[in-house]
Structure formats: structure tokens, C-alpha cells
Amino acid sequence: MAEPLRIALAGLGTVGTGVIRLLDENRALVARRAGRPIVITAITARERSKDRGVDLTPYRWVDDMGELATADDVDVVVELVGGSDGPALTLARETLGAGRPFVTANKAMIAHHGAELAALAEDTSAALKFEAAVAGGIPVIQGLRDGAAANRIDRVYGILNGTCNFILSAMERDGRDFADVLADAQAKGYAEADPSFDIDGVDAAHKLSILASLSFGSQIDFDGVEIGGIRKILAADIAQAQALGYRIRLIGLAEIDGSNGHTQLFQRVQPVLVPIEHPLANVTGATNAVVAEGNFSGRLLFQGAGAGDRPTASAVVADLVDIARKETGPAFSMPVGELEALTRASSAHRINKTYLRMLVADRAGVLAEIAAAMRDAGLSIESLIQREVADGTALI
Ligand code: HSE
């Protein structure tokens, strides 16, 4: 068998230790698939002495992460440190600048700096791979970049944050409170270091902007994503939605909008009422699902674990197998110079159904006043449910 592919691992959190376990448990199988063994040689993290439940003694500990970009015993750098800027970005620039392949799970960094890093990778002919950055263990990057490469795709959408989906489906199933379920998701290792990135929709927006670029052949435009989260959703909203035949899911949607005669890019993350019979309504727990509509393939549905150590490690090692096989290519499916700069479509002109929750004084005439206000605003009511929530107060 050929010489091993030697890996440096920067970051030994949930995903990093997952990669160590995977390369240990599936060592022989991975070597057969890759055509050569994949071995970790060097490691680094913030704290050396922390007990991570895996044996780190076989690997060379490096204090200065920057050393990995040029170390002699390293062929590929795997970055699992996180953060859009700072040490992760410095390491990416130095590694790719040195012509060395770079694998990352860092969606924030790719969303903000993906074009720059992909251009650098092209200049030095180094691979830049980020399967683990979007939707955990689902091979959606490879699916869109390679499997669906022959298609024009005008819409991509889905459930892109495992923490939010875990929270929403647990609230739905058990009627539990938001904060209580969030603590549970954090304990399971799904949540970001800063969980506000999860619950406020930022993490899903990072992933959506990457998917949009891959799907449409457009430049990444993270700042163009309209972002909403799930922080304000009450157990009562979930119950109301259920009574109306819907489930609430945090959905990221990106589409090509040609409605005003120009090709524009629309991107939004927001809680959506998904009809109970839609496949996305039945995606529960930390599962993610991505739907892409190809003009020849038709509707593609990718579904699987969107967070957690084992699924994310699976995606990281898939990239390493590609590198070992020398199956690389442009990070965003086409050279950076080919990616189109699309102007932004705003949601202002879009006509949607929406859900409104109102807490009102439970007295005669309230409903009539609401209906009149909506009529005056040109809004049509499809369904309306009123429940008493406390003495003298009703939820509509
Ligand atoms: N915090 C992320 C999520 C992890 O909950 O989906 C995977 O990106």
C-alpha cells in the first residue's frame, strides 16, 4: 500500500476527538477506500492537559498551531478550531499559501472568507475541503458539487441547524420549555460554542450561504441572508401550529429570484410553518435535511445527522479520503473567477402566508377589532384559533 497520508489535527473538541476515534475504529476500511493509510501525526488544541477520553500519546503535540502549515511530518491540516477569523483563518491562509491541503468544519470561516481561501487554494493547487461545515454527516457538499454538477439549480432549502431542530421537536413532543431543551442540546455536543449562533439562525445562515454558492454558481453572500431564529417561539405557538396542521421548523431557503426582470439571489433563515405532510415536518431531533431542485435531476433530498461527533467526523474523514485519492477540484464546483456576483432580492416584495401570535384581553369585540385591522392592512385571514391562557387573557 502507498505511503500514509499524514494529518495534523488542530482542535480537539467534540469533532476532533470524533475524528481520532473514527480513524482508529475504521482504520483498515478507510485505508482500503483511500488507497493508503490515513494517520494522525500532529495535534494541537488550547489546553494540553484536559482529559478528552481518547489517548493522545501517539501524536506529536504542537504548541504553536501555525507550525502545522509547514511541518515536515504533515501532508494535510484539519482545522476544527472554529471562529470565522482569528487563529483558524490564519492557519487556513498559511496552510493553503504553502500549497498544503486544508480540511475544515468551519462554516463561519467559509461563509465569510470562502472565496478568498478558494482563490488561494487555486493559486497554489492545494485542496480546500469543507464537507463537515454543512449539515454534519450528510454528504451534501459533495452531492451538490459533484453529484449534481450537471444541473441548473434554482432553489435550495432545508433544516440546517441540528440544535434548533432538536429543540423544536423536543418542545413539540414533550411540551417542554425552550431553555430546558437548549441545555439538553448543549450537553449532547450539538450546540456551537456560542449557542446564540444556533438559536438566532446565524449558524444556519452560514451554511445556507455556502449551499447557495455551490447550488447557483454564485459568489457567497452571507451578509445578504435575512436571518431570524427560534428564541421567541413559545410552547403555545407549537401547539397552535399543530392544531392548524403544521409543525414549526427553522428553514433556510435560497433561491434565484427573477421576478423583477433581473436574476437576483434571495436567502432567508426563519421559523416556518411546515405542513405536517411535508417531508421536512417529519425531520426530528438533531437531524438535518437539504432539498435541492435540479433542472435534470429533479428534487433531491439529502437527510441525516446534522451535528454530533460521529457524523461530523464522518464528513471530515470523507474529505481526507478524497485528498488521499487525489480527487480534488475547485472548492465551489467551479473556479472562483466563474462565480457570479448576484444582487440581493429582498423579502419586501414577497407575498407569503404568515403566522401571527397575539396576546389579548379576553373581552367581547377583540376578534372583530383584529379582523378589521387586518382588513384595513389588506391581509386575508386563513385560520384563527383563540385559547384562554390566563384569567382574562387569550392567545390568538
Ligand atoms: N451547532 C451546529 C448545529 C453543529 O446545531 O447544527 C453542526 O454545524
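Just so you know, ligand 1 is whichever comes first in the structure, and atom 1 is the first atom listed for that ligand. Everything numeric in this text was worked out from a predicted model, so none of it was measured.
In this model, a donor atom of one side chain and an acceptor atom of the other lie less than 3.5 Å apart for Ser259 and Asp257. Gln240 and Arg387 share a side-chain donor-acceptor pair at under 3.5 Å.
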Check step by step if side chain to side chain contact (heavy atoms under 4.5 Å, CB included) holds for Ser218 and Leu339. CA-CA 5 Å; Ser218 55; Leu339 297 171; 6.0 Å; no

List the steps, then state whether salt bridge (Lys or Arg N to Asp or Glu O under 4.0 Å) holds for Glu277 with Arg247. CA-CA 10 Å; Glu277 63 279 2; Arg247 291 201 173 121; over 6 Å; no

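Screening residues 372-386 for side-chain hydrogen bond (donor to acceptor under 3.5 Å, both in side chains) gives Lys353-Glu382, Asp362-Gln386 as the qualifying pairs, with residues at least two apart or on separate chains.
With Asn26 contributing its side chain and Leu29 its backbone, the two residues share no donor-acceptor pair below 3.5 Å.
Closer than 4.0 angstrom to ligand 1 sit non-hydrogen atoms from Lys107, Asn161, Gly162, Thr163, Tyr190, Ala191, Glu192, Asp198, Asp203, Lys207, Gly306, Ala307.
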